[in-house]
2 protein chains.
Amino acid sequence: MITDADCPSGGIEIVREVFNRIGDKWSLIVIRTLDAGPQRFTALRHSIPGISQRMLTLTLRQLERDGLVSRTIYGEVPPRVEYALTELGETIVPPVIALATWAFAHERDITANRDRYDAEHFAEEAG
Amino acid sequence: MITDADCPSGGIEIVREVFNRIGDKWSLIVIRTLDAGPQRFTALRHSIPGISQRMLTLTLRQLERDGLVSRTIYGEVPPRVEYALTELGETIVPPVIALATWAFAHERDITANRDRYDAEHFAEEAG
DNA sequence: CAGGATCCTGGTAGATACTG
DNA sequence: CAGTATCTACCAGGATCCTG
């Protein structure tokens, strides 16, 4: 699988970083939303129920810093800022889909496993 | 990409959960290590430099709870406990590889983007 | 409209000590 | 050998207030 050959410099760190970035609470859904097309800040907020303005800003900043998302400011009044996936950002979408698809496909398995594990280890049924 | 068609129940939560689980500090490397073959607790510790006994335990418990890892206890003295990927655990490996490969392939891009971003936003060079 | 600054909370992770 | 228990530190994330 992830052999040392894939990791010549001895650092698997970048992988953790990437998984961590898109594994946080909002990045994944932001990427998903932007994959449908560029969006303004407020549009994004509305597209993503439950996200706070702070977390949307932070998430976008992180994605922008990594070069996955671009930020375009239009010097207008009122202000207009548009976010979009960069080319790099678009390249991450397929592997993300792959893992997301796995998650959907095995949601029931995982849930069942968790239920069983919890039952065995906390034995509420006192079986 | 991740369309609503993939997500009929309206919950993208499971995806976040999965990304979160393997995106934490140790799960990914534990999966990677176990993918090479079953390992005992102490062997895992030695295979994963820097991990604390506590975090190894916690990580294994989480993976076990989700059904990705199995735990086999041999009632011997001294104790012997062997961990291995389950069938479900093995199925997650390919999509994980896909994303890991992406991360490796774009490590330089990401690093460069970060450097540029930091330079632009903190402008230490006062360019 | 877009987002910075501040305060607060809970979960993740490390260090250490103890146990069957 | 393979853990559990406890204590602490840090960071992600939420709520709120303020600004260009």
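A note on names: the letters A, B, ... follow the listed sequences, proteins ahead of strands, and every chain is numbered from 1. If you're wondering where the values come from, they're calculated on a predicted model, not measured in any experiment.
Taking the side chain of A:W26 as heavy atoms from C-beta on, and the options D:dA2, D:dG13, C:dC1, the nearest nucleotide is D:dG13. Taking the side chain of A:T42 as heavy atoms from C-beta on, and the options C:dA2, C:dA13, D:dC1, the nearest nucleotide is C:dA2. Picking from C:dG3, C:dC1, D:dA2 the nucleotide with the shortest atom distance to the side chain of B:V81 gives D:dA2. Side-chain proximity of A:S52 to D:dC1, D:dG14, D:dA2: nearest is D:dG14. Side-chain atoms of B:T57 lie closest to D:dG3 of the nucleotides D:dG3, D:dG13, D:dC1.
Considering only side-chain N and O atoms, B:R71 lies under 4.0 angstrom from the phosphate OP1 or OP2 of D:dG3. Remark: A:R54 is not in phosphate contact with D:dT16, judged by side-chain N or O atoms under 4.0 Å from OP1 or OP2. Note on A:Y83: a side-chain N or O is less than 4.0 Å away from OP1 or OP2 of C:dG3.
Annotation: side chain of A:Y117 is in contact with side chain of B:R61 (closest heavy-atom distance under 4.5 Å). Between A:F19 and B:L28 the shortest side-chain heavy-atom distance falls below 4.5 Å.
Among the heavy atoms of the strands, none lies under 4.0 Å from B:Y74. Residue contacts shown for B:R61 are limited to sugar-phosphate atoms, with no base heavy atom under 4.0 Å away.
Donor-acceptor pairing under 3.5 Å, judged by distance alone, is absent between the side chain of B:Q53 and the base of C:dG14.
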